[in-house]
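Comments concern the structure below.
This chain uses plain numbering: 1 for the first residue, then up along the sequence. Please read all numbers here as calculations on a predicted model, not as lab measurements.
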Amino acid sequence: GQVDCDTVDIRNGKITSDSSGNMAFADDVVANWGAGSDGRIFYENSTDEFHIRCPGATADIIIGGGANTRFTNEDGNTEYARIDDSGRLLLGTTTEGHVDVDNLTIEDSGNCGMTIRSGSSSASSLYFADGTTGSAEYEGYIDYQHSVNALRFGSGGGSERMRIDSSGNVAINSTIPRSKLHVANGNSNYNPGNPTGLGAGAVASLESSGDVALQFLSSTSTDNFIYFGDTDSATTGSIQYDHNVNALLFNVNGGNERMRISDSGNVGIGTTSPSTLLDVRNESAAGNYAYFEASSDGGARGLQFSSS
């Protein structure tokens, strides 16, 4: 074999080659290629390190050849990483991942993961790009802000869309969550910049610069529910919309219906088939249908009926 270069300088040891063509470096051997120390390959015995160095900041180190570039332990029996012939990086495995996400594959027989570490006042980020300039370099992102311990999610040109703050509160389209779940569509200008001051026990909050609505969608043959529960039952009370008959039901004490508004606008109390605008029934027990009481302030009181 041969070494074809301008100058070869071997110091402090020797380089040997076996019958298979493997090159071995003895302790503290240094091989310089080119004038002076333009390129160097050496083993540092004191630190047990093998070095390949290039001169200057613009020089490249090129490792290539063969189907795969493999990184193994000393005897070659354990492979730690490889760059395969398609340019994919495989760590702890020789098998790439799914064809749509196989540029980097990490495998371990136990727990497996990746750590991104930054300063305590900086950010750790993962960016999703579809270009090399402007906002195309960060169309979407997952970003952890260590200064405030908040996890942020961005899309559409890098705009923040959701945040989980240090208390575990989730904000959608807001940077200051007012509750455990805060969904915003603009700013209501209530207590701006300060998440406090909500109603007692508010776990979720909706905010908008205009009208605010909560939408439930289902098929024409199913129901929509809002449930109220306690330690005895998760469905003690409920508000129910029955799309089969287009009626709004109010259920209490374990889901028993006590009032409904029919599709014609009739209100039924004690009946599921109100036949008038207000239909009050007490068919199962004796007693009054309605009870009215006024204070003894001497004012007028009564029940009035009128017709046009």
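- Between Asp143 and Gln145, the side chains place a donor N or O and an acceptor N or O closer than 3.5 Å (distance only, hydrogens not considered).
- Between the side chain of Ser188 and the backbone N or O of Tyr190 there is at least one donor-acceptor pair closer than 3.5 Å.
- Across Asp279 and Ser275, no two heavy atoms sit closer than the pair OD2-N, 3.0 Å.
- Going from atom CG of Leu91 over to atom CG of Asp108 covers 11.0 Å, rounded to the nearest 0.5 Å.
- Between Asp263 and Val245 the shortest side-chain heavy-atom distance does not fall below 4.5 Å.
- Rounding to the nearest 0.5 angstrom, the gap separating the CE atom in Met162 from the NE2 atom in His182 is 14.5 Å.
- Between the side chain of Glu139 and the main chain of Gly157, a donor-acceptor pair closer than 3.5 Å is present.
- Under a hydrophobic clustering in which Ile, Leu, Val, Met, Phe, Trp and Tyr are joined whenever their side-chain heavy atoms come within less than 4.5 Å, directly or via other members, Phe216 and Leu248 fall into the same cluster.
- For the pair Pro274 and Val267, the minimum side-chain heavy-atom distance is 4.5 Å or more.
- Side-chain atoms of Thr236 and Asn251, non-hydrogen and from C-beta on, never get closer than 4.5 Å to each other.
- No path of Ile, Leu, Val, Met, Phe, Trp and Tyr side chains, each step under 4.5 Å between heavy atoms, connects Phe228 with Val203, placing them in separate hydrophobic clusters.
- Closest approach of Arg281 to Ser273, counting heavy atoms only: NH2-O, 3.6 Å.
- In this structure the side chain of Arg82 never reaches within 4.5 angstrom of the side chain of Thr69, judged on heavy atoms.
- Ser86 contributes no side-chain N or O that, together with a main-chain N or O of Arg88, makes up a donor-acceptor pair within less than 3.5 Å.
- The backbone N or O of Gly97 sits less than 3.5 Å from a side-chain atom of Thr105, completing a donor-acceptor pair.
- Within the 4.5 Å cutoff, side-chain heavy atoms of Asn187 are placed close to those of Glu207.
- Hydrophobic clustering places Val170 together with Ile142 (ILVMFWY residues linked when any side-chain heavy atoms are closer than 4.5 Å, directly or through intermediates).
- Distance check, rounded to the nearest 0.5 Å: CG of Leu206 to CD1 of Ile172 gives 10.0 Å.
- Closest approach of Asp85 and Asn68 over heavy atoms only: N-OD1, 3.4 Å.
- Between His146 and Ser118 the shortest side-chain heavy-atom distance falls below 4.5 Å.
- Ser174 places no side-chain N or O within donor-acceptor distance of the main-chain N or O of Ala171, the cut-off being under 3.5 Å.
- Considering CG of Asn185 and CG of Asn173, their distance stands at 7.0 Å, rounded to 0.5 Å.
- Placement of Val183 and Ile164 within a single hydrophobic cluster is found when ILVMFWY residues are connected by side-chain heavy-atom separations under 4.5 Å, directly or transitively.
- Residues Tyr241 and Asn246 bring a donor and an acceptor atom of their side chains to less than 3.5 Å of each other.
- Annotation: the span from Phe250 atom CZ to Ile269 atom CD1 amounts to 10.5 Å, rounded to 0.5 Å.
- No continuous path of ILVMFWY side-chain contacts below 4.5 Å connects Leu151 to Val148, so the two sit in separate hydrophobic clusters.
- For Ser125 (side chain) and Tyr127 (main-chain N/O), no donor-acceptor pair under 3.5 Å exists by modelled atom type.
- With rounding to the nearest 0.5 angstrom, the OG1 atom of Thr95 is 8.0 Å from the CG atom of Leu90.
- Within the 4.5 Å cutoff, the side chain of Cys112 has heavy atoms near those of the Ile106 side chain.
- Heavy atoms only, all atoms of each residue included: Lys180 and Asn169 are closest at CD-OD1, 3.0 Å.
- The closest side-chain donor-acceptor pair between Asp223 and His243, if any, does not fall under 3.5 angstrom.
- A heavy-atom distance below 4.5 Å is found between the side chains of Tyr141 and Arg152.
- For the pair Arg163 and Asp165, the salt-bridge criterion is not met [side-chain N within less than 4.0 Å of a carboxylate O].
- Taking all atoms of both residues into account, the shortest heavy-atom contact from Thr222 to Asn244 is N-ND2, 4.2 Å.
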